[in-house]
Amino acid sequence: MKNVRLVSRSERKGKSQGLLAGLNPKQREACNKIDGPMLILAGAGSGKTRALTYRLAYLIEQGVPASNILALTFTNKAAREMKARIADLVGAEQAQRVWAGTFHSIFARILRREAELLGYTRSFSIHDGEDSLNQIRAVMTDLGISQQDFTPQAVRGAVSKAKNSLLSWQEYQRQADSVFEQQVGLVYKEYVNRMRRSNAMDFDDILLNMIALLRSDPAILARYSRQFHYILVDEYQDTNHAQYMSIQMLAKEHRNICVVGDDAQSIYRWRGADIRNILQFEKDFTDTSVVRLEQNYRSTKTILAAANDVIQHNVRQLKKELWTDNDAGDPVYLRRCYDDREEAAAVVDTIKREISGKGLKYKDFAVLYRINAQSQALEDAFRRSNIPYVIIGGMSFYKRKEVKDALAYLRLLVNPSDNESFLRVVNEPARGIGKTSLQRIAAYANDRDLSLFDACRSIESVPNLQKRARTAALDFVSWVARFTETLAEMPMDEVVKNYLEASGLPRMYQEAHGDDAFDRYNNVQRILSHVTEYSRENAEPTLTDYLQEVALIDDAEDAQDQDKIVTMMTMHGAKGLEFPTVFIVGMEQGLFPLARAEKEPEELEEERRLFYVAITRAEQRLYLSYTQRRYRFGELSYPQPSYFLGEIGKDKIEELGRSQAAASERPSRGRGSRQATRPSSTASAGTTSKTSYFDDIKPDEDQTYSQIPEEQNRSRLRSGLRVHHSKFGEGKVLNVAGSGDQRRARVRFAGVGEKTLMLKYARLEVLGD
DNA sequence: CTCAAGTCTCCGAAC
DNA sequence: GAGACTTGAG
């Protein structure tokens, strides 16, 4: 952030007024009242981070011990940056003592210390979303709950939501009324049990257990209240109920709590964020001082005005007036593209042009999109043009199968009870312990409340096993146990090296053929060097701490050489960042806003806030683009331009023609069929810039499904929709499967029962949700 | 029990 | 269109 002025050494030593001298009056106000509750409403680009950094530095300068400050940020990266800047102001030694990090990382650190009080061991595992989804699947299977009726994702979502609302499984079961909720109640209970038995916590548990810890004993609450005498919470609009509760408890006694946020940038409702937390802060803490940071230092007047145009369409919001002294700058550029390949080529082309013309560097650019799948086309285009890039999020390093396997091996080493990890690696590479054997071992373990690992240790007592499987299982657990013992005697990186090599995982990929085997092998090796690096950099490295760090890592941390590369990420990932030039791609109805948000006013407003966040990342130039055809789910669709585009005043927009590079990129065969296949409107749409997107857009067009070509209607069909069939009457779609001509739907009709229909033949009329 | 080919699900954002 | 999961032959 450009407006941070480094404070010189002499200034640092000066009086406090000197420290705060470089701030504007509002920012200063946000810093110099250090006691009592404070709410800082900070608009996008208003120098919020700067104000927070100075506030913390000021606290320290006023004599507050740095170790009594708790600063909860949204990402670990934000915490690190904040610490680095505090170090510039008051010295590294002090800065290092501040408790800065995400809710999850700080709480996990505390829980590690207090684990025994809650019935865990200190080496408890942390399970990520994928792990917990696997666990939910397994529970559903074992309870005989059909995964057709209720998807594991939906069940996990419901469990997570319950946890975030602090509903125990007992309470949840009591108030469950629909069939779905009753089923979820059963899964919830069993899931909790199994996580306990695995000595594991998921992300939600980290918050819940922190609250449980604080509630367990007034003395503990008192201790941590004292420890965190000054609390600061960033991005408060995106806290969920559990996070809210933990803060309430910790701050209740001393009331030195400062929260910072912007309701217009709340974009995590879907994972439990409750916007009311910020709206009601003044009621929670009566004598709150409220400070508004409304001057934007980041963007041009035009970009800021465009953002304001958009957010105005939201009904529910706190009024604020963002303004800026910056220049008007360029208009907002808008480009219509044929498809996502052309869109990506246009981005590449523009970057090249701006670099040679304006002297910008690669790091000055960011490409933002709605869903991770959109990164593919961009990645291809960047590769072809040899432009260095980094993709943040999505299928990141830590989500790859081989990496997760390697980490599961390590988790098992410190926490043998971790059944999820056990199942992941016990037969990877194949050791002759197959599904059937595992089922029998699991049955035995369940009866006796043992972990799978312990069950294998007494494998002779497990009934109905083949001799071979018995030996293999026993060999496996003794092998792991041997390495666990050496952990106490040898440096951890050496143990890990020997252990992983002996696991056979690297060799498996070495010997495998196939395109990605080599990459996978290298990824496993990368974990090894990562562990080595970790153990060199830390004074007392433990494998448990390493695993915790990795589990709670945010992807942004992987962006190493941020200097020389273009950043690509989702709009969610861009929160808190800024770039001179920003591209927002895929501005299409059904993609942004997403189809399912179109009919939900609350969700639509969240999408709009997301657009607002994305726009306000841009400092100098903003490029928006949309395509006329796009593949989704392997099927072609012809989206309308996003009506968010129409919400920006026309006076701020300049439409661009197709770029030369983009035009020549297009294979000629694509053009001929184009007009023929394009449904509805603009038959005249040529390849020139003559036609406007306003021709494309028909904002109020009441488009019914029957007007859309059959092909599209077919892809729009999804479970939950009500449909009408000429013979069977009205029914409800249960699921949709297959693609192309094979695409078929299972539909329950009133009276007639369930039918599977080939969509090619069955002319289903969609009635709605 | 294992492997390869076939089938199904996914593509909604992430600590 | 890829990756995860299932299925059927050795």
Side-chain angles (χ1 to χ4, degrees), chain A residues 72-78 101-108 126-130 132-134 137 147-148 151-153 157 160 164 201-207 235 238-240 242-243 267-273 368-377 392-396 398-401 427 429-438 466 468-469 472 512 514-516 548 551-556 569-575 586 590-597 603 606-607 609-610 613-614 630-637 715 718-719 735-740 742-744:
Chain A
L72 295 165
T73 54
F74 200 69
T75 63
N76 285 311
K77 184 171 167 245
T102 61
F103 277 89
H104 289 90
S105 67
I106 299 277
F107 288 180
I126 295 173
H127 284 186
D128 68 12
E130 192 197 326
S132 80
L133 192 61
N134 289 339
R137 272 201 200 99
Q147 302 188 13
Q148 302 289 342
T151 66
Q153 285 89 339
S160 174
N164 282 327
M201 301 185 196
D202 64 20
F203 289 141
D204 300 325
D205 290 332
I206 293 174
L207 304 176
E235 307 285 7
D238 279 324
T239 50
N240 65 28
Q243 291 168 325
I267 53 175
Y268 283 99
R269 199 174 74 100
W270 52 272
R271 69 169 207 218
L368 309 183
Y369 37 81
R370 181 61 181 86
I371 65 174
N372 280 309
Q374 286 173 265
S375 65
Q376 184 93 61
I392 294 178
M395 194 56 173
S396 74
Y398 295 102
K399 288 182 191 142
R400 290 171 202 270
K401 181 185 181 299
N427 207 30
R431 294 189 174 87
I433 308 164
K435 219 163 78 180
T436 327
S437 309
L438 278 173
Q466 303 256 325
R468 238 179 83 199
D515 299 340
D516 44 0
Q548 167 162 319
L552 300 175
I553 212 158
D554 45 287
D555 285 314
M569 61 188 143
T570 64
M571 297 183 224
H572 283 89
K575 179 161 149 167
L591 182 60
F592 190 43
L594 281 168
R596 53 190 292 182
E603 291 212 19
E606 176 143 317
E607 296 280 301
R609 289 193 295 268
L610 184 59
V613 168
R630 181 178 292 279
Y631 275 99
R632 286 190 82 189
F633 273 112
E635 275 183 286
L636 194 57
S637 66
S715 66
R718 58 179 164 79
S719 53
N735 67 19
V736 185
S739 57
Q742 292 305 306
R743 201 161 171 82
R744 54 199 182 273

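A quick note: this is a predicted structure, and the numbers were derived from the prediction, not measured. Chain A is the first sequence line, chain B the second, and so forth, proteins listed ahead of strands; every chain is numbered from 1.
Atom CG of A/Asn240 and atom P of B/dA14 are 16 Å apart (whole Å). Rounded to whole Å, the distance from CG on A/Asp202 to C1' on B/dC15 is 11 Å. We find that CG of A/Leu133 is positioned 16 Å from P of B/dA14, with the value rounded to whole Å. Summarising the geometry, the separation between CD on A/Glu130 and P on C/dC5 is reported as 8 Å, rounded to the nearest angstrom. Atom CD1 of A/Ile392 is separated from atom C1' of B/dA14 by 13 Å (rounded to the nearest Å). B/dA14 atom C1' lies 13 Å from atom CD1 of A/Ile206, rounded to whole Å. At whole-Å resolution of the value, CZ in A/Arg468 and P in B/dC1 are 8 Å apart. Taking atom CG of residue A/Asp238 and atom P of nucleotide B/dA14, one finds them 13 Å apart after rounding to whole Å.
Between the side chain of A/Asn76 and the main chain of A/Leu552, a donor-acceptor pair closer than 3.5 Å is present. Not one N or O on the side chain of A/Gln376 forms a donor-acceptor pair closer than 3.5 Å with the backbone of A/Ala373.
Among the atoms of the strands shown, none is found under 4.0 Å from any heavy atom of A/Asp204. Counting any heavy atom pair closer than 4.0 Å across all strands shown, A/Arg431 reaches sugar-phosphate atoms only and no base atom.
Looking at which nucleotide of DNA chain C each of A/Gln376 and A/Asn134 is closest to, the 5′-most match is held by A/Gln376.
Annotation: side chain to side chain donor-acceptor pair (under 3.5 Å) contacts of A/Asp202 (sequence neighbours excluded): A/Lys163, A/Tyr191. In terms of the ring pair (Phe, Tyr, Trp, His ring centres under 6.0 Å) criterion, A/His127 has no residue partners (sequence neighbours excluded). A/Phe107 pairs by the ring pair (Phe, Tyr, Trp, His ring centres under 6.0 Å) definition with A/Phe103, not counting sequence neighbours. Every residue two or more places apart in sequence or in another chain that forms a side chain to side chain contact (heavy atoms under 4.5 Å, CB included) with A/Ala469 is listed here: A/Ser437, A/Gln466.
Rounding to the nearest 0.5 Å places CG of A/Leu591 at 8.0 Å from CZ of A/Arg370. Atoms CD and CZ, from A/Gln374 and A/Arg630 in turn, are 5.0 Å apart once rounded to the nearest 0.5 Å. Distance check, rounded to the nearest 0.5 Å: OG1 of A/Thr73 to CD of A/Glu235 gives 9.0 Å.
When distances run from any side-chain atom of A/Arg271 to the nucleotides B/dC1, B/dC3, B/dC15, the shortest one goes to B/dC15. Among the nucleotides B/dC10, B/dC1, C/dA4, the one closest to any side-chain atom of A/Ser437 is B/dC1. When the nucleotides B/dC1, C/dA4, B/dT2 are ranked by their closest atom to the side chain of A/Thr436, B/dC1 comes out on top.
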What pairs of nitrogen or oxygen atoms, one from the protein and one from nucleotides 11-13 of chain B, lie under 3.5 Å apart?
from: B/dG12; atom 1: N7; to: A/Arg596; atom 2: NH1; distance (Å): 3.3
from: B/dG12; atom 1: O6; to: A/Arg596; atom 2: NE; distance (Å): 2.8
from: B/dG12; atom 1: O6; to: A/Arg596; atom 2: NH1; distance (Å): 3.4
from: B/dG12; atom 1: O6; to: A/Arg596; atom 2: NH2; distance (Å): 3.2
from: B/dG12; atom 1: N1; to: A/Glu603; atom 2: OE1; distance (Å): 3.4
from: B/dG12; atom 1: N2; to: A/Arg370; atom 2: NH2; distance (Å): 2.8
from: B/dG12; atom 1: N2; to: A/Glu607; atom 2: OE2; distance (Å): 3.1
from: B/dG12; atom 1: N3; to: A/Arg370; atom 2: NH2; distance (Å): 3.4
from: B/dA13; atom 1: OP1; to: A/Asn372; atom 2: N; distance (Å): 2.9
from: B/dA13; atom 1: N3; to: A/Trp270; atom 2: NE1; distance (Å): 2.9

Got a list of protein N/O to nucleotides 6-10 of chain C N/O distances below 3.5 Å?
none

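Taking the six-membered ring where the residue is Trp, A/Trp270 and A/His572 present perpendicular rings, their angle passing 60° and hence far from 30°.
For the pair A/Ser105 and B/dC15, the criterion of a side-chain N or O lying under 4.0 Å from OP1 or OP2 is not met.
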